[in-house]
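Below is one structure, written out as structure tokens; comments come after it.
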Amino acid sequence: MPHRTDVVVTDLRAEHGAPLLGLGTALPRLSWTARAAADVPATWEQSAYEVRVTPLPPVPGAEPPRSWSSGRVDSGDSVLVPWPAAPLRSRERVRVEVRLWGRDAEPTSFSRPLVLETGLLAPSDWTAVPVGPDWDEDPGVDHRPALLRREFSLPGPVARARLHVTAHGLHEVEVNGERVGDEVLAPGWTSYSHRLRHRTHDVTHLVREGGNAVGAWLADGWYRGRFGIRGGSRNLYGERTALIAQLEVDLADGRRVVVATGPGTGEDGGTWRAAHGPVLASNLYEGESHDARLAVPGFSTAGFDDSAWAGVRRYERDPATLVAADGPPVRCTREVLPVAVLTSPSGATILDFGQNLTGRLRIRVRGCAGDRVQLRHAEVLQDGELYTRPLRTARATDTYVLAGGGGTGEPEVWEPRFTMHGFRYAEVTGWPGRLDEGDVVARVHHSDMARTGWFSCSDDRLNRLHENVVWSMRSNFVDIPTDCPQRDERLGWTGDIQVFAPTAAFLYDCSGFLASWLRDVAVEQLPDGTVPWYVPRVPASFWEPPQPGAVWGDVAVLTPWVLFQRYGDVGVLRAQYASARAWVDLVERLAGPDRLWDSGLQLGDWLDPAAPPDRPAEARTDRYLVATAYFAHSARTLARTAHVLGEQEDAARYGALADEVREAFAREHLRPGGRLSSDAQTAYALALVFDLLPEGEREAAGRRLAELVAEDGNRVATGFAGVNLVTDALTTTGHDETAHALLTETGCPSWLYQVAMGATTTWERWDSMLPDGTVNPGQMTSFNHYALGSIADWMHRTVAGLAPAEPGYRRLLVRPRPGPGLTSAAARHETPRGTAAVSWRRDGDRLVVDVDVPLGVRAAVDLPGRPVSEVGAGRHPFEVATTTPPPPVPSPPRAAPQPA
Ligand code: RAM
């Protein structure tokens, strides 16, 4: 059939870019992007699609596989389109192709194929059971990690081999001496009792006919290592580590050999054995100790003598709790070399990596057997020394004892396996000989999501702020969304991600990552609807058992909504609906008939800069005002969710509830003249952005907010509850210049104060480092927290001017509000429908704007002094007169007083 060549289907993907191997669903939703290969009318829109699915058997058969086709489906959908074919079975491999029609008869050609393969979809597919070393351990301490191994033989040539694997604890697997995959901290952290994630690896190239061996390293990790605030606790999920591995090999003759973890002897006579290895201790907070003299070379190769090894014990695990991972794995994404080698006043050698980050060091060292290198990590220096008080009880210390070979032999290369640190500086002690460039490198680790969002402007201080936001996101998206990566905490605080999610969803594709974590929010929710302060829960830790608290608990409603807005994912709304409803129902009961939530433990506007360092909830805005405002906003968002899901009765009920709470808020908190009961930035920000004021009062409230900002000398005066709203509250009430003044202020507290102080990530407190260069005395002082970086979402939407106007960016809102002092700004985003971009620059008294709209998308373009216009796909230049001449760009802040 003839086809059109001017439109091509690109970027065909399944679910949220989930791993294509070991897919955990029988019905993967498909998404694709249409791109113009030549000049295509801006009005081109998909009107129909066809999906072709071709089975790919494991062993190429004589029969050519027959394709299945959906036929032409009349639909403009291109994002998370339901699987059109029969449900996939476990271990099924298929090739998927898509073609599209516009309004005319000729389709595009088929897309490049996407190959998908399901994993083990049914609990009954699992024959593997957890096995761990058969020796006695004291449950009161962290343990020396074990090695496991087993041999097996394959009676013929191999067609395909898959390893399905997870663990109680952390694991790293090797087959025939080679590491499988590059995932770190596998299987990550979920509410293990309910959901333990596994992954599927292609190991076809690692196995062969004849003798083979599989080996594994195990460690405590979150499962049973010391973890949690205030010293934490051990054995959160169990007292014993264990591996769950199922290696399935399809031979060329069609037979399948399965080598699974289990007790006793397998069908082929092989048994699992266990021994200690060279890792002496490993803990996420403490760090890792490795004695290379105890290495066990060749333990994962065939023929290794394990006669002195111990046997294994079997543990229980309901296979129904094993779920396929649906986000990207944690892995090393880049390496950073030191920018300086410092000698501290006490004579210590300290490496400065120039960037605060999450990861660990890899060293390359030559020396004698028994030489001991110690690496201590920290985010900051004080008085020129490594400053570790903010880490609290996390020792963040790695130790490597050399196997030896002297100064001339091959260098030994080592990186810890099962720990992670948040640091910019590392103190090195015991290094034998001279430390050469490249001997120590920081390896950055995080969940390896695709980068999707960029921002830049003419003010380098704002560029650095934005870069800091990106680094704090990377640092804290390590399998779950954490508050911080360095101290004895690193918990999935629900409030932090609730506030940051819109920014995150612009910068990276975190849809699968957050959808997975939200499942844990739902399973950890208490029967009465209480959402934990952090997920997964850590029993016996801080604020346990959890109590309901606004801002944090609202994650259950607001974060699925963000994922729907940004990724067009109705499925996540459906999956989280019961959880969202349970939260609002609970708050409704707690608030009672007056609709005011004015009881219980509320963190309110946490870390308002005016709060004393040791009492971070004592904010200027009343905590119960915050709670009622969030109640109204969540009820409203739930009503919208219900509407999208077709739950019309619920939509009406929660809409009415939201109206009542809105009225109650105004009755209780609004004073004559548009003042609020808390005359503070966060109070106005909440009231305006959550639309809680009668129409006639908005203007006065906006004016009062602008006055407050001016009275505060353009210093920000919000904590977590207002930080993501205050600039929107100003711009939606016509105070663009005040919003820009707030953004560009450099005095403490402000966003650029941190930048002026040399920050390379965003901080937990506005003043984690005090103006004199000393560290804030508060117990909680992290230099790597993302919540205060949630301003970046406004920078994307308003400084550059790129925002979604409809879910999944089906329509864009282009509405830059060029700040005085800026001469240009730009943002670009890989939307689910293709690349969208806005850039503007001042040219004399003109503003020159370029807008790029993906195919099939429309954009409302709202430029200062010009009626809103609607455009279709393609690049659109605009020019308008600017009204505010730019004041001179402020002089750069004084050099960063890094306390080094
Ligand atoms: C601290 C962290 C975290 C916050 C909680 C309430 O431990 O600052 O970010 O959410 O408190």
Exercise for review: Report the distance from atom CD of Gln486 to atom CG of Asn476, rounding to the nearest 0.5 Å.
Suggested key: 8.0 Å
Point to revise | Donor + acceptor pair across side chains of Ser456, Asn463 (<3.5 Å) | key: no
Check your understanding: Between Gln754 and Asn468, is a side chain to side chain contact (heavy atoms under 4.5 Å, CB included) present by the stated rule, with each step listed?
Key -> CA-CA 10 Å; Gln754 300 188 355; Asn468 292 359; 5.7 Å; no
Exercise for review: Side-chain contact test, heavy atoms from C-beta onward, threshold under 4.5 Å: evaluate it for Pro481 versus Leu514 and give yes or no.
Suggested key: yes
Check your understanding: Do any N or O atoms from the side chain of Thr358 and from the backbone of Ser475 form a donor-acceptor pair under 3.5 angstrom?
Key -> yes
Review point. Around Arg389, counting heavy atoms of other residues, nucleotides and ligands shown, do more than 12 lie under 6.0 Å from its CZ?
Key: yes
**Study point:** NZ or CZ of Arg424 within 45° of Phe353 ring axis and under 6.0 Å
**Key:** no
Check your understanding: Ignoring hydrogens and geometry, is there a side-chain-to-backbone donor-acceptor pair from Thr760 to Asn356 under 3.5 Å?
Key -> yes
Review point. Would Thr781 and Ser768 count as having a side-chain donor-acceptor pair, cut-off 3.5 Å?
Key: no
Practice item. Decide yes or no on salt bridge (charged side-chain N to carboxylate O under 4.0 Å, His left out) for Arg487 and Glu764, but give the supporting numbers first. Key: CA-CA 12 Å; Arg487 67 181 178 221; Glu764 176 172 28; 2.8 Å; yes
Review point. Any luck finding a side-chain donor-acceptor pair between Ser750 and Glu745 under 3.5 Å?
Key: no
Review point. How far apart are the C-alpha atoms of His445 and Met420, what are their side-chain angles, what is the distance that settles it, and do they pass the side chain to side chain contact (heavy atoms under 4.5 Å, CB included) test?
Key: CA-CA 8 Å; His445 283 74; Met420 210 46 86; 3.6 Å; yes
Review point. Should Glu524 and Arg519 count as an ion pair when the cut-off is N to O under 4.0 Å?
Key: no
Point to revise | Asn776 side-chain N/O to Gly778 backbone N/O, donor-acceptor pair under 3.5 Å | key: yes
Check your understanding: Between Trp217 and Arg417, is there a cation-pi geometry (under 6.0 Å to ring centre, at most 45° from the normal)?
Key -> yes
**Study point:** Test log, rule side chain to side chain contact (heavy atoms under 4.5 Å, CB included), inputs Phe227 and Ser233
**Key:** CA-CA 6 Å; Phe227 205 81; Ser233 32; over 6 Å; no
Point to revise | Pair Ser511-His16, side-chain donor/acceptor within less than 3.5 Å | key: yes
Review point. Within a reach of under 6.0 Å around CD of Gln779, are more than 12 heavy atoms found that belong to other residues, nucleotides or ligands?
Key: no
Review point. Is the Phe477-Tyr786 ring centre distance short of 6.0 angstrom?
Key: yes
Exercise for review: Calculate, to the nearest 0.5 Å, the distance between atoms OG1 and NE2 belonging to Thr419 and His377 respectively.
Suggested key: 8.0 Å
Check your understanding: Can you check side chain to side chain contact (heavy atoms under 4.5 Å, CB included) on Arg334 and Arg443, steps first, answer last?
Key -> CA-CA 6 Å; Arg334 69 175 74 192; Arg443 309 218 326 133; over 6 Å; no
Exercise for review: Classify the side-chain pair His446/Thr333 by whether it contains a donor and acceptor separated by less than 3.5 Å.
Suggested key: yes
Point to revise | Trace of the ring-ring contact (aromatic ring centres under 6.0 Å, His included) decision for Phe500 with Trp493 | key: CA-CA 11 Å; Phe500 188 69; Trp493 284 96; over 10 Å; no
Point to revise | Straight-line distance of Thr482 OG1 to Tyr534 OH, nearest 0.5 Å | key: 14.0 Å
Check your understanding: What distance do Gln525 atom CD and Thr494 atom OG1 have between them, rounded to the nearest 0.5 Å?
Key -> 10.5 Å
Exercise for review: Anything under 30° is parallel, anything over 60° is perpendicular, the rest tilted; go ahead and classify Phe506 against His796.
Suggested key: parallel
Point to revise | Salt-bridge contact Arg490-Asp479 (side-chain N to carboxylate O under 4.0 Å) | key: no
Check your understanding: Could you state the interatomic distance from CG (Leu361) to CD (Glu415), rounded to the nearest 0.5 Å?
Key -> 8.5 Å
Practice item. May I ask you to check whether Thr393 and Arg226 show a side-chain donor-acceptor distance below 3.5 Å? Key: yes
Review point. So does Glu335 pair up with Arg362, basic N to acidic O under 4.0 Å?
Key: yes
Practice item. Could you tell me whether the side chains of Trp763 and Tyr753 share a donor-acceptor contact shorter than 3.5 Å? Key: no
**Study point:** Carboxylate-amine/guanidinium contact Asp398 Arg360, below 4.0 Å
**Key:** no
Check your understanding: With a 4.0 Å cut-off, would you call Glu239 and Arg224 a salt bridge?
Key -> no
Review point. So, Arg392 and Glu489, do they make that salt bridge, N to O below 4.0 Å?
Key: yes
Check your understanding: Do His168 and Tyr223 get their side chains close enough for a donor-acceptor pair, meaning under 3.5 Å?
Key -> yes
Review point. Rounded to the nearest 0.5 Å, what separation is found between the CG atom of Asp793 and the OG1 atom of Thr503?
Key: 4.5 Å
Review point. With distance as the sole criterion, is a donor-acceptor pair present between the side chains of Asp605 and Thr621 under 3.5 Å?
Key: no
**Study point:** Min side-chain heavy-atom separation Tyr425-Leu381 under 4.5 Å
**Key:** yes
Point to revise | Within 6.0 Å of CZ in Arg464, more than 12 heavy atoms from elsewhere | key: yes
